[in-house]
Each structure stands twice: as C-alpha cells, then as structure tokens.
K.L.:
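Pasting a structure here, questions to come.
So that the names make sense, note that chain A is the first sequence line, chain B the second, and so on, each numbered from 1.
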Number of protein chains: 2
Amino acid sequence: MSVTLKRIAKECGYSVTTVSRALAGYDDVNETTRQRILEVAHNLGYQPNLVARQLQGQRTFTIGIITPPQIHHHEDDFFSLLIKGVNYAAAQYHYDLLISSRFPGTEEMDTYRRIVGGNRVDGMIVARTYQDDPRITYLQSIEHPFVVAGRSAPDLPSDFPYIDADSRVGVQMLVRHFIHYGHRHIGLILPPESVAFTAYRHAGYRYAFQDAGLTYHPEYVATGDLGEAGGYEAACTLLDRTPELTAIVACNDLMAFGAMAAVHARGRRIGEDVAVGGFDDIPAAQHAMPPLTTVRQPIYEIGERLTEMLVRIIADEPPAETQILIEPALIVRASSGQPRPQ
Amino acid sequence: MSVTLKRIAKECGYSVTTVSRALAGYDDVNETTRQRILEVAHNLGYQPNLVARQLQGQRTFTIGIITPPQIHHHEDDFFSLLIKGVNYAAAQYHYDLLISSRFPGTEEMDTYRRIVGGNRVDGMIVARTYQDDPRITYLQSIEHPFVVAGRSAPDLPSDFPYIDADSRVGVQMLVRHFIHYGHRHIGLILPPESVAFTAYRHAGYRYAFQDAGLTYHPEYVATGDLGEAGGYEAACTLLDRTPELTAIVACNDLMAFGAMAAVHARGRRIGEDVAVGGFDDIPAAQHAMPPLTTVRQPIYEIGERLTEMLVRIIADEPPAETQILIEPALIVRASSGQPRPQ
DNA sequence: TTGTAGGCGTTATCAT
DNA sequence: ATGATAACGCCTACAA
C-alpha cells in the first residue's frame, strides 16, 4: 500500500539499509547514491512509518493525557485550557498528544494501563489529583515518566514532579477580600474529600477567619460535586440552612456559577445581597453575569510548563525544579458587590 | 523492560504462539494451559504492546485531528467543543485520539503527511475548511479515511463525507431577525475569502436583504481575521465608515465579541444603539455582557456524529448519509436590544 | 494441542 | 560505500 524503504530500495537498486541511511543523513553514503535515493523517495512520496519507528526505537514522541468525558457542552473548561497549553508546548518539542477520555475510576485506570503499559506514550500528564491517587501509584510503580497538574492532599507526600497553584493561599486571599468588604457570614462550597485540593482550600478558608480573629462556623461549609449542578445544590443547602450568609466562596468557577444560579433562584441579588467567589478564572468567569470574582490559576501556562517538564524528564534531563507551587492571583469583579458599611 | 509474550512464554514453558493465542481467547488451546498462561500473564502484569500490534495489524484504532495552536487562553472554543464531542464518541468506539496543533499552512500540511502517511491514525477529522483545501486534496489522493467538519465553498464540489451547519440559512435567519426588529442598516463582518464558509454566510446576508426587498450595501461589509481582534478591527472600520449602522452581524461569536468591544469603544451601547449578532453559540456567548444573540451550531454533537461516521467509514461500513447539513437555530439574547419603532 | 517460520517497517550492528 | 542479519513485539499461516 504505502511506500516503504523496501519499495524505494527495489526501485533504485540499493539495499534497504543504504536507503535508510541515505534518508537519515548518514555521511557514509556516496553523494550520488544519496541524491538518487532522495529523488526516488521524493517521487514516490515516501513517508516513514512512524509506528515501525516507534517499535524499533522504543520511543513514541507522544505524550498522553486522560480527561473526564464531558457530556455537556461547557462542562469543564479546566481541561480544555490545560490541553490547549499542553498541545501548544508539545508541538514546540515535536511531540504529539494522545488523548483519551474516561470517567474517573476503574475504566480510567484500565486506560492508563492500556496506554502506558502498551507503550503508546513516552510520558503522561495526570490532571486533577485524587486523594491517594491510584494513577500516580501505578506510574510510580512502573517508573514511567509523568508529571502532575496538582499534588497530593496535605497529609500525604507529593513525591513526584508537579505544578500546582497554592490553593490554600488562593482561597485565603479570596476570603480575606470578602472579610475586608465587611462580610462576616461567608459560606464555603467544597468538593468531596476525595479531591486532593479540597483540604488545601478548606484550610485557606479557616486561616482567613483565624487571621481576622473571627470564628469558624462548620455549618457554613457545604459539599457538592465539582461542576455547576453541585455548586447549585450546595449553595441552596447553605442559603436555606444559614440565611444570614452574605457571601459564598466556591472551590471552582463552575461551582460558583451554580452558586450564582442558586442565589438568583432564592430571590437574592448576586453581589448586592450575596457576594460570590470562585477559583480558576476560566474564560467564562469574566463573561459571567455579573463577572465573577475569582482566584486566577494560570491553567494554560501550567499545561505548557508541565509539558516542558515532562519532555525533559523523558529526555532524562529533568529541570532543577520539579515541584512548583504557583502563587495564584485574586481577581476582583462585580460578583463581589461593593464594600459594606461596617 | 516491560513484560512481553516472550517473557511469559519463557516463564511458563510454552511457545510465544501458544501464549498469544491463549491470551487472545482462541479455542484451540488446552484449558489447563490457558489457565496457567493467564495466571502468569496476570502475575507479571502483562500489557500487550500496542505499537507492535499496530505495526502487525496495520490498524491503530486512533483518530487524528489537527487544530490551530491557541496561544491565548480563550481564543477559540470551537475546537475545544469539537474535540470534546469527538473525544466522547471516540471513547465509545474504543478509539483513541491523536492531536497535534499547527498553524494553517505548510507546517500543517507537513503534519498531515507525517501523521497520516506515517500510519499513526486510521482516520482524520478535518475541521474548519479552507477554500480548495489542500488537506482534503491530499487525503483524497491517498484515499485515506477522513471526515470533515464543514464543506467546500459553494462553487466547489464537496465530494467527501462531511457535516456542516447550513451557514447560509443561519445568517439569513439572524439578519431577518434584525430586520424584523426594525434595523435597516446592518453591517456584516466576514472572515477572509479563503475560509470556506465565508461565501455561504455572505449569501445568507444578501438573501435576507433580498427577501425583505431591501438593497444590499457593499460598504456595510468588512473583512477581518477570525478571532476577537479581527472582529474588533472590522467593526471599527464599519462604525467609522458607515456610522448609520444600527446592527452588526459577525461570522462567529469570537468576532462578535470583538465587535461588541468596538461598539463599546466607540461609545455606543450594545443592543440599544447597535445590536450585535454572532455565529456558533459557544458557551461564552450566553455569559457575555450582554448575552449574545447568535446562531447556534451544535458543535459538540457534530464532533460526536463525525466520529461515528468516521469509525464506520474506517470499518468499511459507511452510513447511508455521509453528507449532512444541519439546520442551525437562532438564539435571541440581549445583544439584540429591543425591537425598534418603525 | 502446540510449535516453527515469516512478516509488519524500521534501525543498529557488523561484515565486506 | 554498501549490504546481510537481527531485533523491536506481535500475529497468523502452516506444520507437526
């Protein structure tokens, strides 16, 4: 079917070996011979079979990433942004990207094993870590190159290369900002404990209260699934249970959107009656109505830098820094409302 | 390094062939033998080398797609949405996705040749067609399976499998909507002619005027690059050149965002002074300020259906319909403003 | 029921 | 300067 070295060899009367070397630019090939071979290869439209090369070279120049499937349209921009960053950097380094999408759980682990164990990639990017993440355990156990967007929960070692935003500091800034605006009753929407960053963000919330000399109210904290629906439900719970709340902090922008919807559904005005804050600063945040106050995490750049890190780890030239904590930035927008008179 | 059939064979004293067949579930293997082999394979954590399989089977179970790199964060949600759809469907059919990002042009074509000619994928998804698209010409010339999101410009044959929204009808609906709202001076922002859908959308604009018995003003039409910046500049040109405009139709949402910014920059109110419309209905459209009136194109679903189509084409069981035109839907939002008194 | 041989397309090693 | 041989890991005739 397609043009192979053998075909070219036959065509111009040299051996496959010589053809291979001529094309690879070795200098032990007669210049005339090379010209002839190059010409034939070009005429035939030769393209090296990458799969064969991969098998022979035991290298794929491919990076793998597995994302959750996103059935609804705008479900999660986090991964989209991350992939954009990874994609861009990968191209710079002449790597391709292999993507597969699975729901977290058994299927996801099987896919890791299939792709990594099946030698389809030189390295993996693991995103959105869970507490005690089996994917990481697996990759460590077989010593396969990988980098992580995120890190372990605070009580577990993060003994792997990663880049993560300092969630604790981020939430702390956000809550402090609300406190400065005069809020005293601030709700918090947390994802399930199994998400690795939950504990960090929870800590940020507590620290902010502590710093301000305020008491921490456990009943101001609710849990919901990551995503708009989870945020909506958790916010409803909070608003119904503790109507004195004048601000709600959600652990990502998607949940914050849900919370805004809940505030609206309860007949209260976002910003004016109840301030809302998020985390991530996905593109939709600035376009939201009202625009969402949030903690900016440079997801795209994290994707880029992770990819660079991974490529270097694969090449066995790991950068000096392989555990990077990024200082997030507070982005104040209209969902904060105005500072309140004390 | 990793566990191979050979390794298992050695471990349990059978030949590689027998091991291979035991694992593949052939029935000409002694049941006891199979059990033994399965056990050893499991203990060793055997994972078949997918690359070797690909080489031997001349099949990759991988679909390829090449997107433009997106340096800025929220640059283009069209591809993100498409990929989400493709990704979801691909997983259903047990296909993986190979993604690479290149700017349109030589580099992109080289990447097509490298990946397709290099046997890395069983089929390609081509997105955002150009007029007389070299990628399509190439894929057709080597008879490699592919499907297209979009189709050829009106004057060229679309003799390949595709799914496209009926752009002409879409823009026509949008312009008619503005006419119904009482607008008579409606600007149009077009992407360059080289984009295949340009002519369709332009036609939709002209048809709407014709239907309403209004005259078409060429000076109400401007061209800009796809993307927010292009929309901004084109809208500035229009607003400065023909200040009588009370509405602007952009050929996609991103350009519409740029146009909104331009309207704002010229000190006019979006909706009230100048209505703005887009095309695509990317997630940001409904969160925009004000929410953007646009023509909804079900990008995610197109990705899903294209993938299904491609998988069937690869399996040599092409569906009955391989050229699908989707009727888009008009989504009226606040950027339309209110109907004007005649 | 099991094993041998050959090939997928490439590159590396070692002769000539 | 060129070529024969083997190997990457798998699968599939064909033989025994």
Side-chain angles (χ1 to χ4, degrees), chain A residues 1-38 40-41 44-62 113-122 142, chain B residues 1-38 40-41 44-62 113-122 142:
Chain A
M1 201 74 260
S2 45
V3 185
T4 65
L5 290 184
K6 196 199 277 186
R7 173 80 193 289
I8 300 175
K10 196 163 296 175
E11 199 80 15
C12 57
Y14 289 99
S15 74
V16 168
T17 311
T18 302
V19 173
S20 169
R21 278 183 315 207
L23 261 24
Y26 281 63
D27 59 2
D28 61 351
V29 179
N30 184 305
E31 201 44 40
T32 333
T33 311
R34 151 167 297 120
Q35 290 309 331
R36 173 89 187 103
I37 290 175
L38 250 42
V40 173
L44 260 35
Y46 171 72
Q47 286 290 341
N49 184 314
L50 266 13
V51 174
R53 271 197 185 161
Q54 287 177 16
L55 180 58
Q56 131 72 27
Q58 300 291 76
R59 290 277 266 111
T60 63
F61 291 95
T62 304
R113 270 190 267 271
R114 183 172 65 77
I115 286 182
V116 175
N119 285 66
R120 289 214 64 182
V121 299
D122 292 340
I142 61 169
Chain B
M1 201 75 257
S2 45
V3 185
T4 65
L5 289 185
K6 195 199 279 187
R7 172 81 193 289
I8 300 176
K10 197 162 296 177
E11 198 81 14
C12 56
Y14 288 100
S15 75
V16 168
T17 310
T18 302
V19 173
S20 169
R21 278 184 314 207
L23 260 25
Y26 280 60
D27 59 2
D28 62 351
V29 179
N30 185 306
E31 201 45 39
T32 333
T33 311
R34 151 167 299 122
Q35 290 311 330
R36 173 89 188 104
I37 291 175
L38 250 42
V40 172
L44 261 35
Y46 172 72
Q47 286 290 342
N49 183 313
L50 266 13
V51 174
R53 272 198 184 161
Q54 288 177 16
L55 180 59
Q56 127 74 27
Q58 301 292 73
R59 290 279 265 110
T60 63
F61 291 95
T62 304
R113 270 191 267 270
R114 183 172 65 77
I115 286 181
V116 175
N119 285 66
R120 289 215 63 182
V121 299
D122 292 339
I142 61 170

K.L.:
Under 4.0 Å from any atom of DNA chain C, heavy atoms only: list the residues of residues 22-36 of chain B that qualify, in numerical order.
P.N.:
Asp28(B), Val29(B), Asn30(B), Thr33(B)
K.L.:
Among residues at least two apart in sequence or on other chains, which ones pass salt bridge (Lys or Arg N to Asp or Glu O under 4.0 Å) with Arg36(B)?
P.N.:
none
K.L.:
Looking at every non-hydrogen atom in both residues, tell me the closest pair between Ala9(A) and Ser15(A) and how far apart they are.
P.N.:
CB-C, 3.9 Å
K.L.:
Rounded to the nearest 0.5 Å, what's the gap from CG on Asp122(A) to CD on Gln58(A)? Could you check?
P.N.:
10.0 Å
K.L.:
How sharply is the helix from dT1(C)-dA16(D) to dT16(C)-dA1(D) bent, taking the axes over five pairs at either end and rounding to 10 degrees?
P.N.:
50°
K.L.:
Minimum heavy-atom separation for Arg114(B) and Leu50(A), please, with both atom names.
P.N.:
O-CD2, 3.1 Å
K.L.:
List the atom of Val51(B), the atom of Asn119(A), and the distance in Å for their closest heavy-atom pair.
P.N.:
CG2-O, 3.2 Å
K.L.:
For Gln54(A) and dA7(D), give me the distance from atom CD to atom C1', rounded to whole Å.
P.N.:
17 Å
K.L.:
Check whether any side-chain N or O of Arg7(A) sits under 3.5 Å from a backbone N or O of Ser2(A) as a donor-acceptor pair, and report yes or no.
P.N.:
no
K.L.:
Protein-nucleotides 14-16 of chain D N/O pairs closer than 3.5 Å?
P.N.:
none

K.L.:
Test side chain to side chain contact (heavy atoms under 4.5 Å, CB included) on Leu23(B) and Leu38(B) and set out the steps.
P.N.:
CA-CA 7 Å; Leu23(B) 260 25; Leu38(B) 250 42; 3.4 Å; yes
K.L.:
Using whole Å, report how far NZ of Lys6(B) lies from P of dC10(D).
P.N.:
10 Å
K.L.:
Of all the heavy-atom pairs spanning Gly118(A) and Gln47(B), show the shortest one and how long it is.
P.N.:
N-CB, 4.3 Å
K.L.:
How would you give the extent of chain B contacts on DNA chain C, as first and last nucleotide 5' to 3' within a 4.0 Å heavy-atom cut-off?
P.N.:
dT1(C) to dG9(C)
K.L.:
I need the single residue from Val16(B), Thr17(B), Thr18(B) that forms a side-chain contact (heavy atoms from CB on, under 4.5 Å) with Tyr14(B). Which is it?
P.N.:
Thr18(B)
K.L.:
If I take atom OG1 from residue Thr4(A) and atom CG from residue Asn49(A), how far apart are they, to the nearest 0.5 angstrom?
P.N.:
9.0 Å
K.L.:
With a 4.0 Å cutoff (strictly under), does any side-chain N or O of Gln58(A) reach OP1 or OP2 of dG9(D)?
P.N.:
yes
K.L.:
Taking ring pair (Phe, Tyr, Trp, His ring centres under 6.0 Å) as the test, write out the residues that go with Tyr46(B), two or more places apart.
P.N.:
none
K.L.:
Students often get this wrong, so: under 4.0 angstrom with heavy atoms, is Val51(B) touching a base, only sugar-phosphate, or nothing?
P.N.:
nothing
K.L.:
Identify the two heavy atoms, one from Leu55(A) and one from Ala52(B), that lie closest to each other, and give their separation to 0.1 Å.
P.N.:
CD1-CB, 3.9 Å
K.L.:
Can you tell me if Tyr46(B) touches the phosphate of dC10(D), counting only side-chain N or O atoms and a distance under 4.0 Å to OP1 or OP2?
P.N.:
yes
K.L.:
Pick the nucleotide of DNA chain C nearest each of Leu55(B) and Gly13(B); which residue has the one closer to the 5' end?
P.N.:
Gly13(B)
K.L.:
Would you say dA4(D) has OP1 or OP2 under 4.0 Å from some side-chain N or O of Ser15(A)?
P.N.:
no
K.L.:
Rounded to the nearest 0.5 Å, what's the gap from OH on Tyr26(A) to CZ on Arg21(A)? Could you check?
P.N.:
8.0 Å
K.L.:
Answer with base, sugar-phosphate or nothing: what part of the nucleic acid does Leu5(A) contact at a heavy-atom distance below 4.0 Å?
P.N.:
base
K.L.:
At 4.0 Å (heavy atoms only), tell me whether Thr17(B) reaches a base, stays on the sugar-phosphate, or touches nothing.
P.N.:
base
K.L.:
Working note: Arg120(A) + Thr60(A), criterion side chain to side chain contact (heavy atoms under 4.5 Å, CB included); need CA distance, chi angles, decisive distance, verdict.
P.N.:
CA-CA 7 Å; Arg120(A) 289 214 64 182; Thr60(A) 63; 5.7 Å; no
